[in-house]
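Data first, discussion second: the structure below is written as C-alpha cells.
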Amino acid sequence: MEERQSNKAGGVGGVVLLFLVGFVGALVVGWWVFPQVLFSQKTQPIRFSHKVHAEQGLDCESCHTFAKTGQFLGLPSTASCAECHPDETGGTTDDEKEIDKFVTQYAKPGIEVPWLVYQYQPDNVFFSHAAHTGFECTTCHPDVANMDSPPPYHENRLSGYSKQTMKMWECERCHASMGTSNACYVCHK
Amino acid sequence: MSAAHQEFATKWGLVIDIDKCTGCGACMVACQTENNIAPEKDASNKLRTLTWMNVYELKNGKEFPQAEVAFLPRPCMQCGNPSCVPVCPVVATDKNEDGGIVSQIYPRCIGCRYCMAACPYHSRYFGWFDPVWPEGMEKTITPFTSTRPRGVVEKCHFCHHRWNQAKDAARIAGTDPNNLPDGAYTPACVEVCPTGAMAFGDLKNPKHKVYELSRSKYAFRLLERLNTDPQVYYMTKRDWVRRQGDNYLPNEKA
Ligand code: SF4
Ligand code: SF4
C-alpha cells in the first residue's frame, strides 16, 4: 500500500528555503571543506629566509645551479649551506636559533635537509630547466626572494603531490603560445 | 594520431650489423637496467616477459657443416608509418615529435593491446605484473624512465631521455641542441655493445655515421614491403640472413 503526503506545513516557501540551504551547503563543502580535507599543510623543516639571503646580494643561481652536463641540480646540499654556516651562532634571536637548528641537526651530522619542493613533478614528467633559462624563475616559482618565511606546503592527501605543482594544461598553454612543440615526449618520459 | 607517413627534420636511426652481432645479449641487459624493467620472477615464460630489446636467433636450416646462425637484435623500429599509432583509441602512443621516436604514455594507456596486435615487429609488451625489485636492487632504479604499473603497454623509445640529456648539455655548453654532433646522443644498447655492431644517429645528417651505413647496399629493413618505413636498418653480407628480413617466395630475389 502506498501513502502520498503533501507538504502542507511549509508549502512552496519551505521547499525553496530547503533547496537554498542545501545548495549553499553543497557549495561550502565543494569549495571550502573538500579542499581543506584534500590538502594537508606542512611547514619546511627549517624556516629558511630567502629574503635575508637575497639581501646579501645572492641571486637564485648562486645556490640553485646547473651541472656541466646540463642537468639542473635543484636544491643546494647541506654541505654547500654549511660553507657559510659551519658553526652555531649561539645567538638568541629567532633567526639565529633557526640557523643553529640547521647547524646542529643537519650540518654537523652531515644530513641532507628534507626540504619540501613546491614544484616537484610526477616521475613521468621530464622538465628541462636548461631549456627555460630565458624566463625569470618567478614565472613558474613563487617569488620566495621577497619572503622571510617559506610559504606553507600543501600536499594532496590522495596523490601525494604538491598543490603548487604546475599542471599539464599550464605547460601546454605556454608551449602553444610560444610555438614550442607539445608532442608527448617533449615533456614525458 | 594518423595513419599517414610522418617525416621530421631529424630522423633518429639505428643501424645494426647482423654479421657483427655475437648474440651476447648485453644490449638486452643494458636496456632493462636503463629503463627500469624489473627482474622477473619467471623469465622462462616468454608470453609474460618484457624485453624492449630482444635478440632473435636466426638459423639457415642446414645440417653440419653448412649450419650457420645469426643474431638479430630487435628494438622498436620507430616506424615512419607506425601501425601501432592509428589503432590506439586513447592516443596513448603517437609519432608527433621531431626525431621520429614513437612515444608511449603509460598513465594514458588503457591496456587494450590493440597496438600490440597491430605492430608487425612484436616490439610492444604488456605489463602482466607490477614491477617489484628484490630488496636492495631498488637502488638500481634510474630517474630517466618512469616505472610502469601492470596493465599497460610499453616499448623501446631509443632511450629518449638520453636525447633530452644531450640537448640539455648542448644548451648549457652554448651549442645548438637541434644539431647534435654524431655520438652526443647514444642509446644504452648501442653504448654497451661489445662488438660495435650497432650505430646510432640522425639518418638525415651526412655528418653522422648512420647516414652512410643506412644507404649501403648491404643495408635492409624488416618487412620493408609493408611500407612501415622503419627507422631501424640491418646490415648483412649473407644472402640467407637478408632473405629472413621479409617473406620472400623461394624463387624471389631478396
Ligand atoms: S615497430 Fe611496432 S611499436 Fe614500433 S613504431 Fe613500428 S609498429 Fe609501432
Ligand atoms: S594498449 Fe595502450 S597504447 Fe596500446 S592501443 Fe591500447 S591504449 Fe593505446
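- Surrounding NZ of Lys209(B) are at most 12 heavy atoms belonging to other residues, nucleotides or ligands under 6.0 Å away.
- Within a 6.0 Å sphere centred on CD of Glu136(A), heavy atoms belonging to other residues, nucleotides or ligands number 12 at most.
- Of the residues considered (His157(B), Arg171(B), His161(B)), Arg171(B) shows the highest number of contacts with chain A, using heavy-atom pairs under 4.5 Å.
- Atom OH in Tyr106(B) sits 10.5 Å away from atom CG in Asp123(A) (nearest 0.5 Å).
- At least one donor-acceptor pair under 3.5 Å links the side chain of Lys189(A) to the backbone N or O of Pro143(B).
- Applying the 6.0 Å contact sphere to NE2 of His132(A) captures more than 12 heavy atoms from other residues, nucleotides or ligands.
- Heavy-atom contacts from other residues, nucleotides or ligands closer than 6.0 Å to OH of Tyr161(A) number more than 12.
- When the candidates Pro177(B), Ala173(B), Ser103(B), Ala166(B) are compared by the number of heavy-atom contacts under 4.5 Å with chain A, Ser103(B) comes out ahead.
- The shortest distance between side-chain heavy atoms of Ser146(B) and His188(A) does not fall below 4.5 Å.
- For the pair Thr69(A)/Asp168(B), no side-chain contact is recorded, criterion being any heavy-atom separation below 4.5 Å from C-beta on.
- Met168(A) CE: 12 or fewer foreign heavy atoms inside a 6.0 Å radius.
- When Val125(A), Asn182(A), Asn124(A) are compared by the number of non-hydrogen pairs under 4.5 Å with chain B, Asn124(A) comes out ahead.
- For chain A, the nearby part of Pro107(B) is the side chain; its heavy atoms alone come within less than 4.5 Å.
- The minimum heavy-atom distance linking Ala67(A) with Ile172(B) is given by the pair O-CG2, 4.1 Å.
- With a 4.5 angstrom heavy-atom cutoff, His160(B) touches chain A only via side-chain atoms.
- Atom CZ of Phe127(A) has more than 12 heavy atoms from other residues, nucleotides or ligands within 6.0 Å.
- Partner Tyr185(A) forms a side-chain contact (heavy atoms from CB on, under 4.5 Å) with one of Asp94(B), Asn164(B), Ile105(B), Asn96(B) and no other, that one being Ile105(B).
- Distance check, rounded to the nearest 0.5 Å: CD of Glu97(B) to SG of Cys184(A) gives 8.5 Å.
- At most 12 non-hydrogen atoms from other residues, nucleotides or ligands lie less than 6.0 angstrom from CZ of Arg150(B).
- Enclosure of atom OH in Tyr56(B) by more than 12 non-hydrogen atoms of other residues, nucleotides or ligands within 6.0 angstrom is indicated.
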